[in-house]
Amino acid sequence: MSSDEKSKIIILIQQILEDSRRRAEESETRAQEERRRADELGGKFDSLLSSMNKLLASNRIKDNRLAETDPLIAELKKALSYADCITKKK
């Protein structure tokens, strides 16, 4: 193999390595952004759970007769129970 061919191969390998490095950096940047978004959504989810728990703890919802007859309250209780299971698995 001639010196010129070796030089071309070296240049090609350098370009491939540089492209790989650039893609890895872009991928890391996207991953960091996704982690930030996940953290932000997690915070919003925690806030929502807290608000829902406060609502369930209110005197209005503590009235068992109302809780038994109001399908929205029943669904809220199911959602909170499900959400508690999910957050405890973390």
Side-chain angles (χ1 to χ4, degrees):
M1 185 179 296
S2 73
S3 172
D4 190 41
E5 291 172 328
K6 289 179 185 179
S7 294
K8 288 179 183 178
I9 289 175
I10 290 171
I11 291 171
L12 180 61
I13 292 172
Q14 287 174 333
Q15 288 173 342
I16 291 170
L17 290 172
E18 181 62 27
D19 287 345
S20 294
R21 184 194 58 75
R22 183 186 45 78
R23 283 193 303 272
E25 287 175 352
E26 289 171 355
S27 179
E28 179 60 29
T29 301
R30 282 192 302 275
Q32 288 173 349
E33 180 64 20
E34 291 301 318
R35 283 191 292 272
R36 187 195 61 76
R37 286 184 191 153
D39 289 344
E40 184 179 314
L41 287 175
K44 288 179 181 179
F45 183 71
D46 290 343
S47 176
L48 178 61
L49 279 178
S50 176
S51 297
M52 290 169 68
N53 278 318
K54 287 176 186 174
L55 179 62
L56 281 176
S58 71
N59 289 333
R60 178 179 167 265
I61 294 177
K62 282 185 176 177
D63 180 353
N64 287 332
R65 289 173 299 167
L66 178 61
E68 290 171 3
T69 60
D70 191 330
L72 179 60
I73 293 171
E75 288 300 315
L76 181 58
K77 285 183 177 183
K78 284 182 199 175
L80 280 171
S81 176
Y82 178 72
D84 284 341
C85 290
I86 291 174
T87 56
K88 287 178 184 176
K89 289 180 181 179
K90 287 182 179 179

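For reference, positions follow the sequence shown, starting with 1. Quick note: numbers below take in every heavy atom, side chains included, and nothing from hydrogens, waters or symmetry partners.
Checked by atom type and distance alone, the side chain of S47 never pairs as donor or acceptor with a backbone atom of G43 at under 3.5 Å. Here the side chain of S7 pairs a donor or acceptor atom with the backbone of S3 at under 3.5 angstrom.
Summarising the geometry, atom NZ belonging to K6 is positioned 14.5 Å from atom CD1 belonging to I11; distances are rounded to the nearest 0.5 Å. Atom CZ in R37 sits 11.0 Å away from atom CZ in R30 (nearest 0.5 Å). T29 contributes atom OG1, which lies 7.5 Å from atom CD of E26 (distance to the nearest 0.5 angstrom). Rounding to the nearest 0.5 Å gives a distance of 7.5 Å between NZ of K8 and OG of S2.
In this structure the side chain of Q14 never reaches within 4.5 angstrom of the side chain of E18, judged on heavy atoms.
The existence of a salt bridge linking R35 and D39 is excluded, since no basic side-chain nitrogen approaches an acidic carboxylate oxygen closer than 4.0 Å.
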Report the C-alpha distance between R36 and E33 in whole Å, list the side-chain angles of each, state the deciding distance to 0.1 Å, and finish with yes or no for salt bridge (Lys or Arg N to Asp or Glu O under 4.0 Å). CA-CA 5 Å; R36 187 195 61 76; E33 180 64 20; 2.5 Å; yes
